[in-house]
Amino acid sequence: MPESFDKHLFDELHSLLDDRARAEDFELGLYSKDGSGMEGRPSIVCLPVSTEEVQQIVNICRRYGRPFIARGSGTGLAGGAVPVGDPVVIATAKMNRIIEVDVENRIAWVEPGVLNLDLTTQLKPLGLHFAPDPSSQQVCSIGGNVANNSGGPHCLAYGVTSAHVAAIEVVLPNGTITLLGDLSAEPVGYDLRGLFIGSEGTMGVATKIAVRLTQNPPEVRTLLLDFSDVRDGAAAVSAIIAEGLIPAALEMMDHRAIEMVEAFVNAGYPTEADAVLLVELDGLPGGVESGVEIVRRVAEAHHVGKVRVAADEAERALLWKGRKNAFGAVARIKPDYYLHDTVVPRGKLVEVLEKVYRIADAHDLIAINVFHAGDGNLHPILAYDSREPGVQERVHAAGRAIVTASIEAGGVLSGEHGIGLEKRDYMGLLFTEHDMRTQDLVREAFDPDGLANPLKVLPSGSRCSDSFGQHVPEGAWV
Ligand SMILES: Cc1cc2nc3c(=O)[nH]c(=O)nc-3n(C[C@H](O)[C@H](O)[C@H](O)COP(=O)(O)OP(=O)(O)OC[C@H]3O[C@@H](n4cnc5c(N)ncnc54)[C@H](O)[C@@H]3O)c2cc1C
């Protein structure tokens with residue numbers, strides 16, 4: 001049992017949830033991390049099955065002055081679901097029903113624990129899908145997507161999660177159940193739905209979500225373009241968009257990523273290339289074909305090597321398999337990696353990429369780049385071996401230098417992974433004290449007692465961070 005274990009609190013939660021309230025060491029260990037490599041420790045883990053149970057858990061926590069933290073699948077990469085401040089974890093894994101699919105109005109009501117890809121798979125016979133497609137889509141939850149306002153390769157044309165959520169039922173930190181947003185096309189009043197999306201669990205727990213459904217496109221073409229100079233590839237990205245063409249996806253991989261992925265999936269990626277672009281166009285057949293010609297013309301003007309157009313669905317799936325398995329493929333090079341997430345203006349891609357390589361070299365790390373180039377969302381992977389003494393400090397220092405370089409280039413802290421614990425102390429690189437105080441006032445309006453996922457998003461020294469007299473534990477990096 002953790003030091004913070006409160007038997008009375010546990011007994012109340014246990015009488016509500018029976019064996020779905022847990023405090024065994026093994027169980028707490030399972031919920032102590034997310035995908036970020038940071039680590040905390042919950043005091044108790046709860047697995048509710050309904051909105052009413054979530055409400056009662058929140059009310060019990062309030063009575064005990066105990067913080068709580070919503071958790072989906074724990075794939076977040078910024079430490080958002082890492083339990084710090086001895087919280088009760090509210091895990092949504094058992095709230096995984098697709099409640100209703102309204103084909104006519106293109107809306108589905110889902111519980112927050114539904115997995116992203118499960119929703120799209122269920123919708124397939126209806127010719128519909130949920131557009132946000134994080135590379136973790138096989139395992140991440142819709143609740144986590146909402147809380148992080150997640151993106152994915154196809155969000156370039158379709159928009160990130162906030163564009164695909166009409167309404168959210170939320171248990172607010174004061175225990176009230178409320179509905180943010182509605183199903184109308186032009187809701188009136190403040191957009192509290194939009195405010196909640198991306199709030200990383202600091203404004204309450206999403207218990208039902210009305211997601212907008214997207215028609216599967218009648219025609220899809222996927223192209224792989226290779227370049228012997230990464231600068232040509234990056235310039236082609238901007239030039240494609242400057243033509244007025246917004247591909248469904250526009251992804252880039254550097255030389256190391258190509259070698260690593262090809263050895264892993266054998267998709268026929270050209271291992272001698274300095275960079276490849278994976279471009280997907282979708283829509284009505286005529287428009288797609290003319291899009292292919294525009295991409296071909298622009299790529300040729302930027303010294304493309306080969307333009308490979310997937311001949312059928314199997315080849316298209318193979319090309320995507322390479323991109324979607326890139327992170328797993330890192331294991332061929334090093335046992336550990338740290339994945340960063342920043343955004344830079346498209347025109348600065350090459351400049352920042354070159355800085356990323358220099359920063360990695362200076363810290364004796366290997367940088368690999370696989371990223372959503374169309375929206376300037378960089379994902380430098382720093383590959384390393386955690387058994388090397390002092391390597392965590394080098395990884396951490398390189399990460400900070402990459403964030404700083406991105407901001408200096410006119411970019412921002414995060415494209416899609418959120419701020420969580422990882423970047424909360426970097427907020428001051430982008431925002432003034434006044435900006436952060438204003439953000440905290442908004443948070444306070446939702447959570448005046450600072451119980452919802454404390455110690456996240458806003459830096460140390462803000463009201464929420466101070467509430468529990470606790471700071472991010474030293475050595476939170478594992
Ligand atoms: C290999 C890999 C690839 C990835 N690729 C992408 C990508 O392409 N694009 C992208 O955007 N992200 C990506 N991610 C990051 C991650 O998968 C997403 O952020 C995802 O949306 C997190 O969902 P989750 O269910 O795992 O949430 P968790 O990690 O469990 O939680 C994330 C945050 O959401 C909050 N939260 C969870 N559920 C709720 C709820 N019901 N109500 C309120 N708050 C809640 C948590 O408190 C936490 O702050 C990737 C991660 C991995 C490991």
CG/Leu284: more than 12 non-hydrogen atoms of other groups inside 6.0 Å: no
For Glu408, the salt bridge (Lys or Arg N to Asp or Glu O under 4.0 Å) test, sequence neighbours excluded, returns none
Would the distance check show the side chain of Lys456 and the main-chain N or O of Glu200 forming a donor-acceptor pair, the cut-off being under 3.5 Å? no
Has Asp312 got a side-chain atom pairing as donor or acceptor with Ala314's backbone, closer than 3.5 angstrom? yes
Under 3.5 Å, side chain of Ser238 to main-chain N/O of Ala235, donor-acceptor pair present? no
Beyond-backbone contact of Asp274 with Phe227, side-chain heavy atoms, under 4.5 angstrom: no
Which salt bridge (charged side-chain N to carboxylate O under 4.0 Å, His left out) pairs, counting each pair once, include a residue from residues 117-134, with sequence neighbours left out? Asp133-Lys324
Could you tell me which residues satisfy salt bridge (Lys or Arg N to Asp or Glu O under 4.0 Å) with Arg297, sequence neighbours excluded, listed by chain and number? Glu243
For Pro112, the option from Val146, Ile209, Ile90, Val170 that meets side-chain contact (heavy atoms from CB on, under 4.5 Å): Ile209
State, yes or no, whether a side-chain contact exists between Leu429 and Lys423 at a heavy-atom distance under 4.5 Å. no
Check side chain to side chain donor-acceptor pair (under 3.5 Å) between Gln215 and all other residues, then give those that pass, not counting sequence neighbours. Arg106
Compare all side-chain heavy atoms of Ile294 with those of Leu281 and state whether any distance is below 4.5 angstrom. no
Non-hydrogen side-chain atoms of Val343 and Asp375 separated by less than 4.5 Å: no
Out of curiosity, Phe446 CZ to Leu192 CG, how far, rounded to the nearest 0.5 Å? 5.0 Å
Measure from the side-chain N and O atoms of Arg346 to the backbone N and O of Ala373, and report whether any donor-acceptor pair falls under 3.5 Å. no
Say you draw a straight line from CZ of Phe264 to CD1 of Ile333; how long is it, rounded to the nearest 0.5 Å? 11.5 Å
How far apart are the C-alpha atoms of Asp435 and Thr432, what are their side-chain angles, what is the distance that settles it, and do they pass the side-chain hydrogen bond (donor to acceptor under 3.5 Å, both in side chains) test? CA-CA 5 Å; Asp435 293 336; Thr432 64; 3.2 Å; yes
Decide side chain to side chain contact (heavy atoms under 4.5 Å, CB included) for Val295 and Leu225; before the verdict, give the C-alpha distance in whole Å, the side-chain angles of both, and the deciding distance to 0.1 Å. CA-CA 9 Å; Val295 171; Leu225 316 175; 3.9 Å; yes
Quick one: does any side-chain atom of Ser141 pair with a main-chain N or O of Gly144 as donor and acceptor, under 3.5 Å? yes
With a 3.5 Å distance limit and no angle check, can you tell me whether Tyr337 reaches the backbone of Ala331 through a side-chain donor-acceptor pair? no
Value for CD (Gln392) from OH (Tyr338), rounded to nearest 0.5 Å, stands at 10.5 Å
With sequence neighbours left out, write down each residue that passes side-chain contact (heavy atoms from CB on, under 4.5 Å) with Ser32, or none if nothing qualifies. Glu39, Pro42
Pairs satisfying salt bridge (charged side-chain N to carboxylate O under 4.0 Å, His left out), at least one member in residues 244-270, at least two apart: Glu251-Arg323
I need the Asp440 CG to Asp447 CG distance, nearest 0.5 Å. 10.0 Å
Locate the shortest heavy-atom distance separating Thr75 from Cys140; write the atom from each residue and the value. OG1-CB, 3.5 Å
For Val265 against Gly322, the heavy-atom pair lying closest together: CG2-CA, 3.6 Å
Can you name the residues that form a side-chain contact (heavy atoms from CB on, under 4.5 Å) with Leu179, not counting sequence neighbours? Trp109, Ala167, Glu169
Worked check of side-chain hydrogen bond (donor to acceptor under 3.5 Å, both in side chains) between Ser36 and Asp34: CA-CA 6 Å; Ser36 69; Asp34 65 359; 2.6 Å; yes
Heavy-atom closest pair (Leu183 atom, Ala210 atom, distance to 0.1 Å) is CD2-CB, 3.7 Å
Are there more than 12 heavy atoms of other residues, nucleotides or ligands under 6.0 Å from atom CD of Glu388? yes
Any salt bridge (charged side-chain N to carboxylate O under 4.0 Å, His left out) involving residues 137-155? Give me the pairs, sequence neighbours left out, ordered by first then second residue. none
Would you say that Ile197 contacts Ile168 through its side chain, given a criterion of any heavy-atom pair below 4.5 Å between the two side chains? yes
Decide yes or no for Leu278 and Tyr269: does some side-chain heavy atom of the first lie under 4.5 Å from some side-chain heavy atom of the second? yes
Once side-chain contact (heavy atoms from CB on, under 4.5 Å) is applied, do any residues pair with Ala398, and if so which ones, sequence neighbours excluded? Ile359, His363, Leu365, Leu382
For Glu289, does the CD atom have more than 12 heavy-atom neighbours from other residues, nucleotides or ligands under 6.0 Å away? yes
Is there a side-chain contact between Phe371 and Leu353 in this structure, where contact means two heavy atoms from C-beta onward sitting under 4.5 Å apart? yes
What's the shortest heavy-atom distance between Pro454 and Val84, and which atoms? O-CG2, 4.3 Å
Smallest separation among heavy atoms of Tyr158 and Ala248, with atom names: CE1-CB, 4.2 Å
Testing the 3.5 Å rule here: is there a donor-acceptor pair between the side chains of Ser184 and Asp182? yes
Measuring only between side-chain heavy atoms, which start at C-beta, is Thr207 closer than 4.5 Å to Met95? yes
Working to the nearest 0.5 Å, report the span between CZ of Phe130 and OG1 of Thr120. 7.5 Å
Give a yes or no on this: more than 12 heavy atoms of other residues, nucleotides or ligands lie within 6.0 Å of atom CZ of Arg231. no
Output yes when a side-chain donor or acceptor of Asn453 lies under 3.5 Å from a complementary backbone atom of Gly201, and no otherwise. no
side-chain contact (heavy atoms from CB on, under 4.5 Å) against Glu416, all qualifying residues, sequence neighbours excluded: Asp341, His372, Asn377, His379
Would you mind listing every salt bridge (charged side-chain N to carboxylate O under 4.0 Å, His left out) that reaches into residues 188-199, with sequence neighbours excluded? Asp191-Arg193
Determine whether a donor-acceptor pair (N or O, by modelled atom type, separation under 3.5 Å) exists between the side chain of Asn116 and the backbone of Pro132. yes
Give me the atom names and distance for the closest heavy-atom approach of Val330 to Met260. CA-SD, 3.7 Å
Please enumerate all residues that pass salt bridge (Lys or Arg N to Asp or Glu O under 4.0 Å) together with Arg358, with sequence neighbours excluded. none
Looking at Lys321, I'd like to know if its NZ atom is crowded, meaning that more than 12 non-hydrogen atoms belonging to other residues, nucleotides or ligands lie closer than 6.0 Å. no
Spacing of CG belonging to Asn369 relative to CE belonging to Met253, to within rounding of 0.5 Å: 11.5 Å
Donor-acceptor check, side chain of Thr342 to backbone of Leu378, threshold 3.5 angstrom: yes or no? no
Determine whether a donor-acceptor pair (N or O, by modelled atom type, separation under 3.5 Å) exists between the side chain of His129 and the backbone of Thr214. yes
